**Student:** 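After the structure tokens below, expect a handful of questions from me.
Keep in mind that this is a model prediction, so the values were computed, not measured.
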Amino acid sequence: MSNNYKVSVIGAGVSGQGLALLAKNLGFDVFVSEQKNINDDVKELFTKNNITFEENGNTEKVFDGANEILISSGISPKSEILIEAEKRGLKLTGELDFVLPHIKAKNLICVTGSNGKSTVTSLTGHILNRAGLKAGTGGNLGTASSTFTNEKENFDAVVLELSSFQLARTKNNLRSKISIVTNIAPDHIDWHGSFENYVEAKSRVLSLRDPEGWGIIQDRDFEILNASGKIITLSWNKIPEHDAQGHIFMNEEGQDAILTLNGKSEKLFSFSDTTLIGSHNLENVAMCLCTAKLLGVDISNAKFLLEGFKPLPHRCEYAGTINGVQYIDDSKGTNVAATITAMTSIKGRKIIILGGQGKGEDYAPLAEAVKENCDYAVLIGEEAEKIQNALEKSGYKNFKRASSMEEAVNICGSLAKPGMVVLLSPACTSWDMYKSYKARGEHFCSIVKEKSK
């Protein structure tokens, strides 16, 4: 197509910028429309590449001569500009369907799930690079998928973290060699409209595999994902319930993970080979090493392959120790399922800090998990009242309210005994008090650091 073909990109974030630059490189006439401000660096990038744009709202300019609308990650299907584009009969294309045909890699690995997908994406890339392959990581992780369309790079593997938003719009261009679903739990219901729609979006990562591609999933998610084809399931301490081609057995007694494939069993790794905190991270490691094995990597020295990997910030990250009490930052725990996973994965007696801005989730399962796993809960933010109500309804009374993170950490310090863990895993977004979960986690860590001096 020549530059007579015009595309309008909705959104000027990382994903939108990548879409715009790729479209321009393909010879299209490109216009970008952003609801918010566009920062000066991005404006300069667009201007330098002869890409026109608008900010602070989507206007009629989006439709001016446009042959196709490209939708960047995260744009809601309820967006007025998309609804209007559909009414006008314009072609709407999601990020992945536009980008994936142009990715230059021998192997495409796609990772999704309700929790843990960033860790699995990053760690898989780390393992493959340690094994001597050239691997790139990106997608929803922060590096746009369009980054990997440069022919000169010639990657052995590209590992992409894919959100449910991206997958919801994917029709036929995935064709991954390996697709991983770390786990499934309710999330982003407000965006998708229902849990069923959310699961359907996630399951596309399996249904759009290469015909010979593998899927790696939790054994418990087999039915909800409608899994078929070449599937490897994972479970703890028991044989799989479902008939799959392979299985990862997480052996708590033996402290190792065993992969059974094609009738043969081999150790993936010993739990002592990794410094990552929590049993959920052991699952992440197992899925990553299994992926490497499927790509032909020798995983016999798993400790070497895992060496040097640092946990991603704010995901069950060690923050410090005060008076014999360990403080852990899991600010990325922004939904109920993530927080329950962190709580149940970390051993020992715990105090948990909960609260923030909610996503409309039911806090009854959270309350039951707190009751089972935590000596105390400290509640902050807009959702404190709702979480308190759920705790009281479950019969749990060991909670206190705090008006700030400083007060929350102080309360935890007064309640905790040596050997205990204080866990920040809010089960909520940060937007009532902070600009991001990162800012919230950094503030928590800075308070702990100051007090540990």
**Student:** Going by atom type alone, with no hydrogens or angles, which donor-acceptor pairs under 3.5 Å involve a side-chain atom of residues 10-21 and a protein atom two or more places apart or on another chain?
**Tutor:**
from	atom 1	to	atom 2	distance (Å)
Ser15	OG	Ser73	N	3.0
Ser15	OG	Glu95	OE1	3.1
Ser15	OG	Glu95	OE2	3.3
Gln17	NE2	Ala12	O	3.1
Gln17	NE2	Gly13	O	3.3

**Student:** Side chain of Ser265, backbone of Thr260: donor and acceptor closer than 3.5 Å?
**Tutor:**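 Such a contact is absent between Ser265 side chain and Thr260 backbone.
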**Student:** Taking Ser452 for the side chain and Val448 for the main chain, is one N or O donor matched with an acceptor at less than 3.5 Å?
**Tutor:**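 Here the side-chain-to-backbone pair exists.
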**Student:** Check whether any side-chain N or O of Lys397 sits under 3.5 Å from a backbone N or O of Gly395 as a donor-acceptor pair, and report yes or no.
**Tutor:** no
**Student:** Between Ser76 and Ser79, is there a side-chain donor-acceptor contact under 3.5 Å, judged purely by atom types and distance?
**Tutor:** no
**Student:** Assess the residue pair Val158 and Ile109 against the criterion (side-chain contact (heavy atoms from CB on, under 4.5 Å)); give the C-alpha distance rounded to whole Å, side-chain angles, the decisive distance to 0.1 Å, and a yes or no.
**Tutor:** CA-CA 6 Å; Val158 166; Ile109 300 162; over 6 Å; no
**Student:** More than 12 foreign heavy atoms under 6.0 Å from CG of Asn251: is that the case here?
**Tutor:**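 Above 12, so yes.
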**Student:** Does any pair with a residue in residues 104-123 pass ring pair (Phe, Tyr, Trp, His ring centres under 6.0 Å), and if so which ones, sequence neighbours excluded?
**Tutor:**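 Of all non-adjacent pairs touching residues 104-123, none passes ring pair (Phe, Tyr, Trp, His ring centres under 6.0 Å).
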**Student:** Enumerate the residue pairs fulfilling salt bridge (charged side-chain N to carboxylate O under 4.0 Å, His left out) with a member in residues 209-232, sequence neighbours excluded, ordered by first and then second residue.
**Tutor:** Glu212-Lys230
**Student:** To the nearest 0.5 angstrom, please state how far the CD1 atom of Ile351 sits from the CG atom of Leu415.
**Tutor:** 5.0 Å
**Student:** Counting N and O atoms only, with roles assigned by atom type, does the side chain of Thr339 sit under 3.5 Å from a partner on the main chain of Val336, one being a donor and the other an acceptor?
**Tutor:** no
**Student:** Using side chain to side chain donor-acceptor pair (under 3.5 Å), reason through His102 and Thr149 one step at a time and then give a plain yes or no.
**Tutor:** CA-CA 5 Å; His102 303 286; Thr149 58; over 6 Å; no
**Student:** What side chain to side chain donor-acceptor pair (under 3.5 Å) pairs are there with at least one residue in residues 364-381, not counting sequence neighbours?
**Tutor:**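 Every side chain to side chain donor-acceptor pair (under 3.5 Å) pair that includes a residue of residues 364-381, provided the two are not neighbours, is Arg349-Asp375.
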**Student:** Quick one: salt bridge (charged side-chain N to carboxylate O under 4.0 Å, His left out) pairs with a partner in residues 404-427, sequence neighbours left out?
**Tutor:**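 Found none.
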**Student:** Show the nearest heavy-atom pair for residues Gly215 and Leu206, with the distance to one decimal.
**Tutor:**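 Answer, listing the atom of Gly215 first, then Leu206: CA-CD2, 3.9 Å.
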**Student:** Asn323 and Pro418: which non-hydrogen atoms are nearest, and at how many Å?
**Tutor:** O-CG, 3.8 Å
**Student:** Is Asn389 atom CG crowded by more than 12 heavy atoms from other residues, nucleotides or ligands, each under 6.0 Å away?
**Tutor:** yes
**Student:** With sequence neighbours left out, what residues match Glu385 under salt bridge (Lys or Arg N to Asp or Glu O under 4.0 Å)?
**Tutor:**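 Glu385 satisfies salt bridge (Lys or Arg N to Asp or Glu O under 4.0 Å) with Arg401 only.
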**Student:** Checking Thr121 side chain against Lys117 main chain: does a donor-acceptor pair fall under 3.5 Å?
**Tutor:** yes
**Student:** Heavy atoms only: give me the nearest Val205-Ile180 pair and the separation to one decimal.
**Tutor:** CG1-O, 4.5 Å
**Student:** Keeping to residues at least two apart or across chains, list the ring pair (Phe, Tyr, Trp, His ring centres under 6.0 Å) pairs with something in residues 293-315.
**Tutor:**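 Ring pair (Phe, Tyr, Trp, His ring centres under 6.0 Å) check on residues 293-315 returns His126-Phe309.
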**Student:** Donor-acceptor pair, Ser163 side chain versus Gln166 backbone, under 3.5 Å?
**Tutor:**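 Judged by distance alone, yes, a pair lies under 3.5 Å.
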**Student:** Under the rule for ring pair (Phe, Tyr, Trp, His ring centres under 6.0 Å), what residues qualify as partners of Tyr437, not counting sequence neighbours?
**Tutor:** none
**Student:** Name all pairs fulfilling the salt bridge (charged side-chain N to carboxylate O under 4.0 Å, His left out) condition that reach into residues 292-308, sequence neighbours left out, sorted by first residue then second.
**Tutor:** Arg130-Glu307, Glu266-Lys293
**Student:** For the CH2 atom on Trp431, are there more than 12 heavy atoms of other groups (residues, nucleotides or ligands in this structure) within a distance under 6.0 Å?
**Tutor:** no
**Student:** Assign the ring pair Phe271 / Trp236 to parallel, tilted or perpendicular, where the plane angle (0 to 90°) is split at 30° and 60°.
**Tutor:**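 The rings of Phe271 and Trp236 sit tilted, inter-plane angle from 30° to 60°.
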**Student:** May I ask you to decide if Leu424's main-chain N or O and Asp330's side chain share a donor-acceptor pair within less than 3.5 Å?
**Tutor:**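 The answer is no, because no donor-acceptor pair under 3.5 Å joins these two groups.
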**Student:** Taking CD1 in Ile83 as the centre, count heavy atoms belonging to other residues, nucleotides or ligands within less than 6.0 Å. Is the count above 12?
**Tutor:**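 Correct, the count exceeds 12.
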**Student:** Would you kindly say whether Lys106 and Asn154 are connected by a side-chain donor-acceptor distance under 3.5 Å?
**Tutor:**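 No, because no side-chain N or O of Lys106 sits under 3.5 Å from a partner of the opposite role on Asn154.
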**Student:** side-chain contact (heavy atoms from CB on, under 4.5 Å) between Lys91 and Thr93: does it pass, once the steps are laid out?
**Tutor:** CA-CA 7 Å; Lys91 181 182 180 182; Thr93 305; 3.7 Å; yes
**Student:** Between Thr124 and Leu289, does the side-chain contact (heavy atoms from CB on, under 4.5 Å) criterion hold? Intermediate values first, please.
**Tutor:** CA-CA 7 Å; Thr124 299; Leu289 286 167; over 6 Å; no
**Student:** Under 3.5 Å, is there a donor-acceptor pair between the side chain of Asn335 and the main chain of Ala427?
**Tutor:**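 Not a single qualifying donor-acceptor pair exists.
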**Student:** Who passes salt bridge (Lys or Arg N to Asp or Glu O under 4.0 Å) against Lys386, sequence neighbours left out?
**Tutor:**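 For Lys386, the residues satisfying salt bridge (Lys or Arg N to Asp or Glu O under 4.0 Å) (neighbours in sequence not counted) are Glu383.
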**Student:** How long is the gap from OH on Tyr396 to CD on Gln388, to the nearest 0.5 Å?
**Tutor:**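 Those atoms lie 12.5 Å apart.
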**Student:** For residues Thr334 and Ser331, report the shortest heavy-atom separation together with the two atoms involved.
**Tutor:**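 Taking Thr334 first and Ser331 second, the nearest heavy atoms are CG2-O, 3.7 Å.
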**Student:** Which pairs pass salt bridge (charged side-chain N to carboxylate O under 4.0 Å, His left out) with one or both residues in residues 232-254, sequence neighbours excluded?
**Tutor:**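 Pairs touching residues 232-254 that pass the test: Lys238-Glu241, Glu252-Lys347.
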**Student:** If only atom types and distance count, is the side chain of Asp432 paired as donor or acceptor with the main-chain N or O of Glu382 below 3.5 Å?
**Tutor:** yes
**Student:** Looking at every non-hydrogen atom in both residues, tell me the closest pair between Arg440 and Gly355 and how far apart they are.
**Tutor:**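 So the two residues come closest at NH1-O, 3.9 Å.
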**Student:** With sequence neighbours excluded, tell me which residues meet salt bridge (Lys or Arg N to Asp or Glu O under 4.0 Å) with Glu200.
**Tutor:** Arg204
**Student:** After noting the C-alpha distance and the side-chain angles of His247 and Ser235, does the key distance pass the side-chain contact (heavy atoms from CB on, under 4.5 Å) rule?
**Tutor:** CA-CA 8 Å; His247 183 67; Ser235 66; 3.0 Å; yes
**Student:** Locate the shortest heavy-atom distance separating Ile277 from Cys316; write the atom from each residue and the value.
**Tutor:**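 Smallest heavy-atom distance, with atoms named: CD1-O, 3.7 Å.
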**Student:** Any donor-acceptor pair under 3.5 Å linking the side chain of Lys202 with the backbone of Gly113?
**Tutor:**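 Here the side-chain-to-backbone pair exists.
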